[in-house]
2 protein chains.
Amino acid sequence: MLSMERIIEIMAEQGLRITDQRKTLARLFAEAPGYLSAKDVYDYMGQKYKGLSFDTVYRNLRVMQELGVLEQIVFEEGVKFKLHCSEDHHHHHMICLQCEKTYPITFCPMQLTESPDDFQVVKHKFEVFGYCKDCREEAAQEPVKAAAGKREAR
Amino acid sequence: MLSMERIIEIMAEQGLRITDQRKTLARLFAEAPGYLSAKDVYDYMGQKYKGLSFDTVYRNLRVMQELGVLEQIVFEEGVKFKLHCSEDHHHHHMICLQCEKTYPITFCPMQLTESPDDFQVVKHKFEVFGYCKDCREEAAQEPVKAAAGKREAR
DNA sequence: GTATTTGCAAACAATTTGCAGCTCT
DNA sequence: AGAGCTGCAAATTGTTTGCAAATAC
């Protein structure tokens, strides 16, 4: 995964200016374990920069996404961002519903899927959602939240 | 797949009123081959009902979705609707990027995916996008659009 | 010094809500 | 008749834009 320094470097190489705000943003994503929404970013950055505006957050998220530093995913609950996976081999993710951390799945179902009716495959999406080990252990300690971990897998 | 009559029946059973507009809506979905956005529905319905308002469309889509008649899917381009799959066995879809028609995939990759790190799986998403036979043939006739069919599969 | 960034306000798109009148049953 | 629909206007949410002032290089 990219380090904060490397992110800044990439941005600088493209002629972008390295503002204090962008450094913080780079650090935030370099350290964030999971997905972040625009609001998450705004809330976090807002602590440090009073008077921060939402549009700047959006602008920077977009710039970083166009640069290939961030990847944007559409969840049912909205759009979220995280560092673009640098692994070059194609892979998928297991995503924790609690902490939103992702775990790679090397297996790709596409190899095993036969295309009926001459369907020409262009792209595919395979995502697994659930609870990661850490969150399950945490849940086991807090009886209130434990129930959430009990749903049936399918 | 549900027929227009069956949809109306389901709605009536729940004490919902069967308005002319809802009948048209039911027919639209019963006959639509692919996904429809709220705007698609509005545009179509608007032809017949002048003075139709967007909020009524949204309200009816929501009602039908809560009833389980429609299913809602979030694409990158926005939210779309289609009749809920009545097949009771779990399955996935191939979705045509041109006509948005869907083709069932019986194979489920989840059976073959091992969960590392004690990840407790709750749900998963597997969707394949591409061009269906019909749209490819159409594209082959129209040289302008043919290029769209040439992208690499992965 | 100059091109980029930023915050502000305002625009925008998609969706939801409150309300008064109209319509199905 | 009465509960449930509908259209209207207005509110909400999420995101984008134009502009002048501030800042990085």
Side-chain angles (χ1 to χ4, degrees), chain A residues 4-5 7-28 35-67 69-81, chain B residues 4-5 7-28 35-67 69-81:
Chain A
M4 172 209 160
E5 288 76 16
I7 297 171
I8 293 299
E9 213 173 287
I10 294 175
M11 296 180 80
E13 274 165 20
Q14 300 301 312
L16 295 176
R17 304 252 157 109
I18 305 311
T19 64
D20 199 59
Q21 207 175 117
R22 281 179 175 166
K23 273 187 221 154
T24 307
L25 193 52
R27 186 175 320 109
L28 171 59
Y35 288 91
L36 298 173
S37 66
K39 182 157 186 316
D40 292 337
V41 174
Y42 177 74
D43 289 344
Y44 177 85
M45 301 283 290
Q47 292 169 16
K48 186 159 179 183
Y49 306 93
K50 58 156 276 169
L52 173 71
S53 62
F54 240 114
D55 43 73
T56 306
V57 170
Y58 275 112
R59 262 186 298 232
N60 281 328
L61 288 174
R62 186 141 48 95
V63 165
M64 290 173 79
Q65 191 231 300
E66 280 164 1
L67 252 166
V69 172
L70 293 185
E71 88 189 40
Q72 198 188 87
I73 314 228
V74 183
F75 290 100
E76 337 267 299
E77 332 85 59
V79 174
K80 305 215 168 165
F81 299 82
Chain B
M4 172 210 160
E5 289 77 14
I7 297 171
I8 293 298
E9 216 173 285
I10 294 174
M11 295 181 80
E13 274 165 19
Q14 300 300 314
L16 296 176
R17 305 256 157 106
I18 306 311
T19 64
D20 200 58
Q21 204 175 120
R22 281 180 175 167
K23 272 187 221 154
T24 307
L25 194 52
R27 187 176 320 109
L28 171 59
Y35 288 91
L36 299 172
S37 67
K39 182 157 187 315
D40 292 337
V41 174
Y42 177 75
D43 289 345
Y44 177 85
M45 301 282 291
Q47 292 169 15
K48 187 160 178 183
Y49 306 94
K50 57 157 273 170
L52 173 71
S53 62
F54 240 116
D55 43 76
T56 306
V57 171
Y58 275 112
R59 263 187 296 234
N60 282 328
L61 288 175
R62 185 141 49 97
V63 166
M64 290 172 79
Q65 192 231 300
E66 281 164 0
L67 251 166
V69 172
L70 293 185
E71 87 189 42
Q72 199 187 88
I73 315 227
V74 184
F75 290 99
E76 336 269 297
E77 332 86 59
V79 175
K80 305 215 167 165
F81 299 83

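Chain A is the first sequence line, chain B the second, and so forth, proteins listed ahead of strands; every chain is numbered from 1. Values reported hereafter were calculated over all heavy atoms of this structure, with side chains retained and with hydrogens, waters and symmetry mates removed.
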side-chain contact (heavy atoms from CB on, under 4.5 Å) partners of B:D43, counting only residues at least two apart: B:K39
The criterion is ring-ring contact (aromatic ring centres under 6.0 Å, His included); which residues satisfy it with B:Y35, sequence neighbours excluded? B:F75
Sorted by chain and number, sequence neighbours left out, ring-ring contact (aromatic ring centres under 6.0 Å, His included) with B:Y49 holds for none
What is the separation between atom CZ on A:F81 and atom P on D:dG14, rounded to the nearest whole Å? 13 Å
Enumerate the residue pairs fulfilling salt bridge (charged side-chain N to carboxylate O under 4.0 Å, His left out) with a member in residues 13-25 of chain A, sequence neighbours excluded, ordered by first and then second residue. A:R6-A:E13
Which residues share a side-chain contact (heavy atoms from CB on, under 4.5 Å) with B:R62, sequence neighbours left out: B:E66
Quickly work out the A:D40 CG to D:dG14 P distance and round it to whole Å. 12 Å
B:M11 atom CE is separated from C:dT25 atom P, nearest whole Å, by 11 Å
Contacts of B:Y44 meeting side-chain contact (heavy atoms from CB on, under 4.5 Å) (sequence neighbours excluded), chain-then-number -> B:T24, B:L28
Counting C-beta onward and ignoring hydrogens, is there a side-chain heavy-atom pair between A:L16 and A:L67 closer than 4.5 Å? yes
Contacts to DNA chain C from residues 56-63 of chain A, heavy-atom cutoff under 4.0 Å, which residues? A:T56, A:R59, A:N60
Please tell me if the side chains of B:M11 and B:M64 come closer than 4.5 Å, counting only heavy atoms from C-beta onward. yes
Quick check on the helix from C:dG1-D:dC25 to C:dT25-D:dA1: what's the angle between its two end axes, five base pairs per end, to the nearest 10°? 30°
In whole angstroms, the gap separating P of C:dT5 from CD1 of A:I8 amounts to 12 Å
Measure the distance from CZ on A:F54 to C1' on D:dG14 and round it to the nearest whole Å. 8 Å
Toward the 5' end of DNA chain C, which comes first, B:A38 or A:S53, by nearest nucleotide? A:S53
Could you list all the salt bridge (charged side-chain N to carboxylate O under 4.0 Å, His left out) pairs where at least one residue sits in residues 51-61 of chain B, not counting sequence neighbours? B:D55-B:R59
Going by the side chain to side chain donor-acceptor pair (under 3.5 Å) test, which pairs reach into residues 69-79 of chain B, not counting sequence neighbours? A:K125-B:E76, B:Q65-B:Q72, B:E71-B:H84
Could you give the CD-to-C1' distance, from A:Q65 to D:dT16, as a whole number of Å? 14 Å
In whole angstroms, how far is the C1' atom of D:dT23 from the CG atom of A:L52? 16 Å
Atom OH of A:Y42 to atom P of C:dG7: distance rounded to whole Å? 9 Å
Of the residues in residues 14-25 of chain A, which ones touch DNA chain C at a heavy-atom distance under 4.0 Å? A:L16, A:R17, A:T19, A:Q21, A:R22
Using the ring-ring contact (aromatic ring centres under 6.0 Å, His included) criterion, which residues pair with B:Y42? Sequence neighbours excluded. B:F54
Determine whether a donor-acceptor pair (one donor, one acceptor, N or O, separation below 3.5 Å) exists between the side chain of B:D55 and the base of D:dA9. yes
